[in-house]
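Here's the structure we're looking at; comments come further down.
These numbers were taken from a predicted model, which means no experiment stands behind them. In this chain, numbering begins with 1 at the start of the sequence shown.
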Amino acid sequence: MATTKDYIEYVCEQISGIGDIRYKKMFGEYMVYVNNKPVITVCDNISYIKKLDNLSELMKDASKGFPYDGAKEHYILDIDNKELSKLVVKEVEKVTKVPKKRTK
């Protein structure tokens with residue numbers, strides 16, 4: 001089941017106000033960017049966050065899963081919890097770099 005347009009827009013709405021938010025379709029699913037940094041992978045209407053050291057306390061009770069075959073294990077973000085989602089995304093954004101432009 002692919003991610004719906006309504007769900008990806010809901011994800012962006014839940015974290016609104018923390019920076020420049022956009023999403024991009026990738027491989028049939030989505031990546032959510034904050035300030036041009038990839039922070040949330042959305043697959044099958046589930047929001048995934050990388051397992052980073054600075055999130056261990058915030059996400060200690062979170063479920064874990066794999067967004068796609070071959071991926072490392074990620075935290076599953078409870079996107080319905082708006083305050084937690086914003087806190088987590090802010091922490092991820094702090095330590096994530098803007099991807100380098102690829103040359104063709």
Side-chain angles (χ1 to χ4, degrees):
M1 172 182 108
T3 299
T4 63
K5 182 98 168 164
D6 287 342
Y7 183 78
I8 192 67
E9 289 177 358
Y10 174 69
V11 169
C12 293
E13 180 183 304
Q14 288 295 93
I15 61 169
S16 66
I18 61 169
D20 178 40
I21 299 168
R22 66 182 175 90
Y23 60 87
K24 183 176 179 182
K25 194 164 189 135
M26 300 178 77
F27 310 110
E29 294 294 348
Y30 293 91
M31 179 64 71
V32 176
Y33 294 81
V34 174
N35 300 325
N36 293 318
K37 299 174 183 179
V39 294
I40 303 174
T41 303
V42 182
C43 299
D44 298 325
N45 285 348
I46 300 171
S47 299
Y48 295 92
I49 294 283
K50 278 187 180 181
K51 287 177 72 178
L52 302 171
D53 292 339
N54 63 332
L55 297 179
S56 59
E57 189 60 31
L58 277 173
M59 299 296 286
K60 67 181 179 220
D61 297 327
S63 298
K64 297 172 187 79
F66 299 89
Y68 51 88
D69 289 340
K72 292 181 180 177
E73 188 176 56
H74 285 58
Y75 291 119
I76 295 176
L77 182 62
D78 178 8
I79 200 66
D80 293 327
N81 184 337
K82 192 173 193 169
E83 295 310 311
L84 175 64
S85 295
K86 285 183 174 189
L87 256 170
V88 169
V89 169
K90 283 179 189 177
E91 287 300 312
V92 173
E93 194 267 341
K94 282 182 195 175
V95 298
T96 303
K97 295 179 180 174
V98 174
K100 293 180 181 177
K101 301 264 186 200
R102 293 184 182 200
T103 56
K104 293 183 180 180

Could you tell me the separation between the [atom1] atom of [X] and the [atom2] atom of [Y], rounded to the nearest 0.5 Å?
| X | Y | atom1 | atom2 | result |
| --- | --- | --- | --- | --- |
| Leu77 | Leu58 | CG | CG | 10.5 Å |
| Lys64 | Met59 | NZ | CE | 8.5 Å |
| Ile76 | Phe66 | CD1 | CZ | 10.0 Å |
| Lys24 | Ile8 | NZ | CD1 | 13.5 Å |
| Glu73 | Lys51 | CD | NZ | 4.0 Å |
| Tyr75 | Leu52 | OH | CG | 8.0 Å |

Under 3.5 Å, which donor-acceptor pairs do the side chains of residues 82-100 form with other protein atoms, sequence neighbours left out?
residue	atom	partner	partner atom	Å
Ser85	OG	Asp78	O	3.2
Ser85	OG	Asn81	O	2.9
Lys86	NZ	Ser16	O	3.0
Glu91	OE1	Asn54	ND2	3.4
Glu91	OE2	Lys94	NZ	2.9
Glu93	OE2	Asn35	ND2	3.2
Glu93	OE2	Lys37	NZ	3.3
Thr96	OG1	Val92	O	2.6

Next on the checklist: Evaluate Lys5 against Tyr30 for side chain to side chain donor-acceptor pair (under 3.5 Å), listing each step before the verdict.
Outcome noted: CA-CA 10 Å; Lys5 182 98 168 164; Tyr30 293 91; 5.6 Å; no
Next on the checklist: Any non-hydrogen side-chain atom of Ile79 less than 4.5 Å from a side-chain atom of Tyr7?
Outcome noted: yes
Checklist entry - Is Val32 close to Cys12 at the side-chain level, that is, under 4.5 Å between some pair of heavy atoms? => result yes
Hydrophobic clustering (ILVMFWY, side-chain heavy atoms < 4.5 Å, transitive) - are [Y] and [X] grouped together?
| X | Y | answer |
| --- | --- | --- |
| Tyr68 | Met31 | no |
| Tyr10 | Val42 | yes |
| Ile21 | Tyr48 | no |
| Ile49 | Ile46 | no |

Checklist outcome for this item: Pro67 and Lys72 have their tightest heavy-atom pair at CD-O, 3.9 Å
Next on the checklist: Taking Asn45's backbone N and O only, do any of them form a donor-acceptor pair with Thr3's side chain (distance below 3.5 Å, no angle check)?
Outcome noted: yes
Next on the checklist: Are more than 12 heavy atoms, taken from residues, nucleotides or ligands other than Asp20, located less than 6.0 Å from that residue's CG atom?
Outcome noted: yes
